[in-house]
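Excluded from the calculations below are hydrogen atoms, water molecules and symmetry mates; all remaining heavy atoms, backbone and side chain alike, are included.
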Amino acid sequence: MAEVPSDAELASSLEGGFVSRHADVNGTRLHYVAGGQGEPLLLLGGWPQTWWEFHKIMPALAERHRVIAVDLRGMGGSDKPSGGYDKKTMAADILGLVLHLGHDRVDIAGHDIGGMVAYAFAANHATHARRIALLDIAHPDERFYNHSLLPRPGRQQIGGDIHAGPGRFLWWFAFNQVPDLPERLLAGRSRELIDWMCDYLIEDSSAISDRDRDIYARAYAAPDAIRAGNSWYRSFGQDIADEKTYGKVTVPLLGLGGGEAGHMLLQAVLPGKGTDVEVVQVPDSGHYIPEEQPEIVIEHLARFFA
């Protein structure tokens, strides 16, 4: 793995006056990158990435917003405590950061695990949420228990090849539940996982460069980082239990789904979860839509958060 710049160097490379900072909130230390002027817009990323997954959209959004890209609890430059990886607790982390930065109400766009946290924020802290965008993910609910441990022929595999199937075989949902083993298998070899995930869930693998992949691989190279990222998945049972206690979200929700799979998921799930819901398909994109189709994401987020 090639040497990669620090978070401070990466932040300063972006137009918009971005800087790398830390804040102690809700009993943990969060890393974030902030820049731009205007109403606050938080960006929350997912596994196995960091705040850097938004680097293609941050400068444009910073022209009208105070953009704050956050490393969640367990991610990148943030602390990796032993617990607190349920999305309700992680949403409380984000509320603590919002208040620490002097804001009262914020917009949030979350991708992957970050989308789950964004939804939990809307469900638990509605008075502090203005609008919420979910990128290619929905919050865990009972449907998660229906994910198959075997790829479905014709849907998630063709002729035994999961790369040939039109659907996504979410094997890592189960793998990340296993304690201790992922750390032993992946420590120092995280780039292998990063490459596999990026290539499997993407339309054009060049959208996430070698440099980007090295940045993510560095963030998940150590056993503690692998354990922390897996803990987001190991907390799904608690997330599902918490979701049962939530009523319909009253904060306006935008779902951006990458390709067929992400759009179908959001279209099936989100309208029943909120009172003001819009779902949009992002064409020619897989799961990593902020990096695959940044201009389209910028267009929809700018419109929705205007």
Practice item. Evaluate the criterion salt bridge (Lys or Arg N to Asp or Glu O under 4.0 Å) for residue pair Arg303 and Glu278; output intermediate values, then yes/no. Key: CA-CA 12 Å; Arg303 169 187 59 81; Glu278 177 188 3; 3.1 Å; yes
Review point. Any side-chain heavy atom of Val277 sitting closer than 4.5 Å to one from Val279?
Key: yes
Review point. Just checking, any donor-acceptor pair under 3.5 angstrom between side chains of Asp212 and Trp52?
Key: yes
Practice item. Could you check if a side-chain atom of Val70 sits within less than 4.5 angstrom of a side-chain atom of Leu97, using non-hydrogen atoms only? Key: yes
Review point. Hey, is the main chain of Ala62 close enough, under 3.5 Å, to the side chain of Arg66 for a donor-acceptor pair?
Key: no
Practice item. Please confirm whether the backbone N or O of Trp232 pairs with a side-chain atom of Ser235, one donor and one acceptor, at under 3.5 Å? Key: no
Review point. Of all heavy-atom pairs between Asp86 and Asp239, which one has the smallest distance, and what is that distance?
Key: CA-OD1, 3.3 Å
Check your understanding: Does Arg234 make a cation-pi contact with Tyr85, if we ask for NZ or CZ under 6.0 Å from the ring centre and within 45° of the axis?
Key -> no
Practice item. Output yes when a side-chain donor or acceptor of Asp71 lies under 3.5 Å from a complementary backbone atom of His31, and no otherwise. Key: no
Point to revise | Distance-only donor-acceptor check, side chains Gln267 and Gln281, under 3.5 Å | key: no
Review point. Donor-acceptor pair, Asp79 side chain versus Arg29 backbone, under 3.5 Å?
Key: yes
Review point. Quick check, are the ring centers of Trp196 and His163 under 6.0 angstrom apart?
Key: yes
Exercise for review: Keeping the roles fixed (side chain from Asn124, backbone from Ala120), state whether a donor-acceptor pair exists under 3.5 Å.
Suggested key: yes
Point to revise | Gln156 side chain to Arg168 backbone, donor-acceptor under 3.5 Å | key: yes
Practice item. Give the C-alpha distance, both sets of side-chain angles, the deciding distance and a yes or no for side-chain hydrogen bond (donor to acceptor under 3.5 Å, both in side chains) between Gln293 and Glu203. Key: CA-CA 10 Å; Gln293 294 294 341; Glu203 286 290 315; over 6 Å; no
Check your understanding: Charged N to carboxylate O under 4.0 angstrom, Arg227 versus Asp224?
Key -> yes
Point to revise | Residue pair Arg130, Asp107: steps toward the salt bridge (Lys or Arg N to Asp or Glu O under 4.0 Å) verdict | key: CA-CA 5 Å; Arg130 199 178 74 90; Asp107 294 318; 3.0 Å; yes
Exercise for review: Answer yes or no: are there more than 12 heavy-atom neighbours, outside Arg152 itself, under 6.0 Å from its atom CZ?
Suggested key: no
**Study point:** Over 12 foreign heavy atoms within 6.0 Å of CD, Gln177
**Key:** yes
Review point. So which heavy atom on Ile289 is nearest to which on Gly258, and how close?
Key: CG2-CA, 3.6 Å
Review point. Could you walk me through whether Leu72 and Ile94 pass the side chain to side chain contact (heavy atoms under 4.5 Å, CB included) check?
Key: CA-CA 8 Å; Leu72 301 170; Ile94 300 305; 4.2 Å; yes
Exercise for review: Go through the steps for Thr250 and Asp276 under the test side chain to side chain contact (heavy atoms under 4.5 Å, CB included), then give the verdict.
Suggested key: CA-CA 7 Å; Thr250 57; Asp276 183 353; over 6 Å; no
Exercise for review: Would you kindly confirm whether Phe54 and Leu10 end up in one hydrophobic cluster when ILVMFWY residues are joined by side chain heavy atoms under 4.5 Å apart?
Suggested key: yes
Practice item. Would you please name every residue forming a salt bridge (Lys or Arg N to Asp or Glu O under 4.0 Å) with Asp210, sequence neighbours left out? Key: Arg191
Point to revise | Parallel, tilted or perpendicular: ring planes of Tyr246 versus Tyr119, cut at 30 and 60 degrees | key: tilted
Check your understanding: Judged by atom type as modelled, is there a donor-acceptor pair below 3.5 Å linking the side chain of Glu292 to the main-chain atoms of Tyr288?
Key -> yes
Check your understanding: Does any non-hydrogen side-chain atom of Lys56 lie less than 4.5 Å from one of Pro290?
Key -> no
**Study point:** Mutual orientation of the aromatic rings belonging to Phe173 and Tyr233 [parallel < 30°, tilted 30-60°, perpendicular > 60°]
**Key:** perpendicular
**Study point:** Within the 6.0 Å centroid threshold, strictly below: His300 and Phe304
**Key:** no
**Study point:** For Tyr32 against Leu101, the heavy-atom pair lying closest together
**Key:** OH-CD2, 3.4 Å
Check your understanding: Can a salt bridge be assigned to the pair Asp199 and Arg213 using a cut-off of 4.0 Å between side-chain N and carboxylate O?
Key -> yes
Point to revise | Joint cluster assignment, Met264 & Leu270, ILVMFWY side-chain distance < 4.5 Å | key: no
Review point. With respect to Met58, which candidate in Val67, Leu41, Ile298, Ile68 satisfies the side chain to side chain contact (heavy atoms under 4.5 Å, CB included) definition?
Key: Val67
Practice item. Without swapping roles, check the side chain of His22 against the backbone of Gly77 for a donor-acceptor pair under 3.5 Å. Key: yes
Check your understanding: Do Leu265 and Leu134 share a hydrophobic cluster, counting only Ile, Leu, Val, Met, Phe, Trp and Tyr and linking them when any side-chain heavy atoms are less than 4.5 Å apart?
Key -> no
Check your understanding: With distance as the sole test, does Tyr200 use its side chain to make a donor-acceptor pair with the main-chain N or O of Phe169 at under 3.5 Å?
Key -> yes
Check your understanding: Between Lys273 and Glu243, is the closest basic N to carboxylate O distance under 4.0 Å?
Key -> yes
Point to revise | Option from Asp93, Thr89, Thr28 for which side-chain hydrogen bond (donor to acceptor under 3.5 Å, both in side chains) with Arg73 holds | key: Asp93
Review point. Is the backbone N or O of Pro5 less than 3.5 Å from a side-chain atom of Arg218, with the two atoms forming a donor-acceptor pair by type?
Key: yes
Check your understanding: Hey, are Trp51 and Asp7 close enough side-chain-wise for a donor-acceptor pair under 3.5 Å?
Key -> yes
Practice item. Take the angle between the ring planes of His111 and His287 and call it parallel below 30°, perpendicular above 60°, tilted in between. Key: tilted
